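Okay, structure first, notes after.
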There are 2 protein chains.
Amino acid sequence: MKSSLTLEHQICFQLYTASKELTRLYRPILEPLKLTYSQYLVMLVLWEEDHIDLKQLGERLTLDSGTLSPLIKRLTQLGYVEKIRATDDERRVLVSLTASGSALREQAEDVPVKVSGMLNIDEATYFAYMEMLIDIKSRLREFGERQG
Amino acid sequence: MKSSLTLEHQICFQLYTASKELTRLYRPILEPLKLTYSQYLVMLVLWEEDHIDLKQLGERLTLDSGTLSPLIKRLTQLGYVEKIRATDDERRVLVSLTASGSALREQAEDVPVKVSGMLNIDEATYFAYMEMLIDIKSRLREFGERQG
DNA sequence: TATAATTAAATTGTGCACAACTTAATTGTT
DNA sequence: AACAATTAAGTTGTGCACAATTTAATTATA
């Protein structure tokens, strides 16, 4: 497997910059919703599955409590979510949408539409790219499982 | 163009997590070199093109002075680089490798080898993935040029 | 040639991202 | 039942990433 130390030939660099530049595209789109990109991802999870605990949220997004705790605090201050301690297991904290947080979903509906338009990409290519990214992740996970 | 609000169907999410998980893979590899992932990218640029100014460095890595100034300061403290003010234009600051920084290149040579091994990917697939990422970025840039 | 506009770095402030640690609740084991 | 191990959140500290502002040097222009 060829591998030079040139920046542009590193897949890590291409992933890193592609991710950053795509995130940059989201900023002006998310600004009217008062959400950062990471906060938007959390809201996506909650619109799918409300009353989720921090642990599960972290697993979906690959984020730990060090990132999520303060992030959820900010979403709480924005009035989009609230934290409720679970009664069955008092270690768990359930994150739930407020009325305002649920209502925001409607405004968010056209975020993906706008982004697709900006990317100017056809459906087949879009799905091919999705699969490649998922494949990269599964290769990373396979390695993780092989080792520790 | 189909677009649902489901997390896993968002290309942004796949890019974001793939990038984070690949970066995580680098951490133990870079640890003996005493470099973070971002610092490693800066070193890659310097090994290619020494005595580069912060402006150009930022253009290569899509980073601004707010990120680079403190990062370069840390690389200076590590003894890998030094900053020298340009004589022709005293606004510019040239970043140059020290002997220690140049010597580090040898240790870094097998970083890409290790990563490829971990990804367990054949050359054809690797290049296909690289092209996909470059294509995503060029679509983003095209949009940027269409608008502002 | 003054001065206005532009440019390169640095600084300040906010928000991730993550390692390491703390605290409190639950589960396992003897 | 007592206590050790585990688990879920939260906290602390470091290092990006980036917007906005500041400072100093250079270039453009009236």
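Residue numbers start from 1 in every chain, and the chains themselves are labelled A, B, ... in the order their sequence lines are given, proteins ahead of strands. Here the structure is a predicted model, which means the values were calculated and not measured.
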Below 4.0 angstrom from OP1 or OP2 of [N], is there any side-chain N or O of [X]?
{"X": "R92(A)", "N": "dA25(C)", "value": "no"}
{"X": "Q56(B)", "N": "dA8(C)", "value": "no"}
{"X": "K20(B)", "N": "dC18(C)", "value": "yes"}
{"X": "K83(B)", "N": "dA9(C)", "value": "no"}
{"X": "R85(B)", "N": "dA25(D)", "value": "no"}
{"X": "R24(A)", "N": "dA17(D)", "value": "no"}
{"X": "S69(A)", "N": "dG10(D)", "value": "yes"}
{"X": "Y16(B)", "N": "dC16(C)", "value": "no"}
{"X": "S38(B)", "N": "dA17(D)", "value": "yes"}

Task: Among dG15(C), dT26(C), dA9(C), the nucleotide that comes nearest once only the side chain of D89(A) is considered - done: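 The nucleotide sitting nearest to the side chain is dT26(C).
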Open item on the list: From C-beta outward on R27(B), which listed nucleotide comes closest to its side chain: dT11(D), dG10(D), dA19(C)?
Closed with: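 Nearest nucleotide to the side chain: dA19(C).
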Given atom [atom1] of [X] and atom [atom2] of [N], what is their separation to the nearest angstrom?
{"X": "I84(A)", "N": "dA9(D)", "atom1": "CD1", "atom2": "P", "answer": "14 Å"}
{"X": "L61(A)", "N": "dC18(C)", "atom1": "CG", "atom2": "P", "answer": "11 Å"}
{"X": "L30(A)", "N": "dC16(C)", "atom1": "CG", "atom2": "C1'", "answer": "15 Å"}
{"X": "K34(B)", "N": "dT14(D)", "atom1": "NZ", "atom2": "P", "answer": "16 Å"}
{"X": "E90(A)", "N": "dT6(D)", "atom1": "CD", "atom2": "P", "answer": "23 Å"}
{"X": "R91(A)", "N": "dT27(C)", "atom1": "CZ", "atom2": "P", "answer": "6 Å"}
{"X": "D53(B)", "N": "dA25(D)", "atom1": "CG", "atom2": "P", "answer": "17 Å"}
{"X": "K55(B)", "N": "dA25(D)", "atom1": "NZ", "atom2": "P", "answer": "19 Å"}

Open item on the list: Does this structure show an ion pair linking R91(B) with D89(B), if we count only N-O contacts that are shorter than 4.0 Å?
Closed with: yes
Task: E31(B)/R27(B) salt bridge by N-O under 4.0 Å criterion - done: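 No, R27(B) and E31(B) are not salt-bridged.
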- [ ] Assign L68(A) to base, sugar-phosphate, or nothing according to its heavy-atom contacts below 4.0 angstrom with the strands shown.
- [x] nothing
Open item on the list: Once you apply a heavy-atom cut-off of 4.0 Å, does T62(A) come out as touching a base, just sugar-phosphate, or nothing?
Closed with: sugar-phosphate
Open item on the list: I'd like to know if the side chain of W47(A) reaches the main chain of T6(B), judged simply by a donor and an acceptor atom lying under 3.5 Å from each other, with no hydrogens or angles considered.
Closed with: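 Checking the backbone N and O of T6(B) against the side chain of W47(A), no donor-acceptor pair under 3.5 Å is found.
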TODO: State whether the side chain of D50(B) and the backbone N or O of L97(B) hold a donor-acceptor pair below 3.5 Å, judged by distance alone.
DONE: yes
Task: L7(A) and L61(B): CA distance, side-chain angles, deciding distance, side-chain contact (heavy atoms from CB on, under 4.5 Å) verdict - done: CA-CA 9 Å; L7(A) 184 69; L61(B) 300 169; 3.8 Å; yes
TODO: Between D88(B) and G66(B), just flag the one whose closest nucleotide in DNA chain D comes earlier from the 5' side.
DONE: G66(B)
Task: Whichever of L63(B) and T87(B) has its nearest DNA chain D nucleotide further upstream toward 5' - done: L63(B)
Open item on the list: Please determine whether any donor N or O and acceptor N or O are separated by less than 3.5 Å between the side chain of T36(A) and the base of dG15(C).
Closed with: no
- [ ] Report yes or no: is there a donor-acceptor pair, N or O only, under 3.5 Å between the side chain of S65(B) and the base of dA10(C)?
- [x] yes
Task: Nearest-0.5 Å distance, OH of residue Y16(A) to CG of residue L15(B) - done: 14.0 Å
